[in-house]
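Taking it in order: structure first as structure tokens, then the write-up.
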Amino acid sequence: GFPDPPQVVHETPGEVEVREDVCERLIGTMKKVSSEMDGAEVALKQSCYLPFTLDSLPCMGKVPRHANAYVATGHGCWGILNSLASGLAVSELL
């Protein structure tokens with residue numbers, strides 16, 4: 001997990017090691033950046049996280065109550081494919 005150095009993954013899908021320290025770091029970060037996440041229950045710990053929204057549509061735009069903060073997330077496995085269009089859309093908001 002970030003900021004760890006890149007590593008070649010030798011495990012087959014479904015057998016990738018779930019690193020508890022990386023999961024806890026991700027949980028801790030989410031609790032710091034979102035007061036709503038602070039009390040949320042962790043439903044699943046896994047090795048690969050793809051950010052999806054409940055309706056599977058990307059969440060993009062200005063972050064409420066924060067000056068000069070924008071978000072573009074929730075693309076799931078389509079993130080790389082949609083990155084250029086998402087970047088252009090967010091750049092037009094700036």
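As a basis for the values below, the full set of heavy atoms in this structure was taken, side chains included, without hydrogen atoms, waters or symmetry mates. Positions are given from 1 along the sequence.
Closest of all the heavy-atom pairs between Lys62 and Ala67 is NZ-CA, 3.8 Å.
Grouping Ile, Leu, Val, Met, Phe, Trp and Tyr residues whose side-chain heavy atoms lie under 4.5 Å apart, directly or via other members, places Leu93 in a hydrophobic cluster with Met60, Tyr70, Val90, Leu94.
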With a cut-off of 3.5 Å and sequence neighbours excluded, list every side-chain donor-acceptor pair involving residues 30-43.
{"residue": "Ser34", "atom": "OG", "partner": "Glu36", "partner atom": "N", "Å": "3.4"}
{"residue": "Ser34", "atom": "OG", "partner": "Met37", "partner atom": "N", "Å": "3.3"}

Compile the donor-acceptor pairs under 3.5 Å between side chains in residues 71-87 and protein atoms, sequence neighbours left out, one pair per line.
{"residue": "His75", "atom": "NE2", "partner": "Ser86", "partner atom": "OG", "Å": "2.6"}
{"residue": "Asn82", "atom": "ND2", "partner": "Trp78", "partner atom": "O", "Å": "3.4"}
{"residue": "Ser83", "atom": "OG", "partner": "Ile80", "partner atom": "O", "Å": "2.9"}
{"residue": "Ser86", "atom": "OG", "partner": "Asn82", "partner atom": "O", "Å": "3.0"}

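The distance from atom CZ of Arg19 to atom CG of Leu26, rounded to the nearest 0.5 Å, is 12.5 Å.
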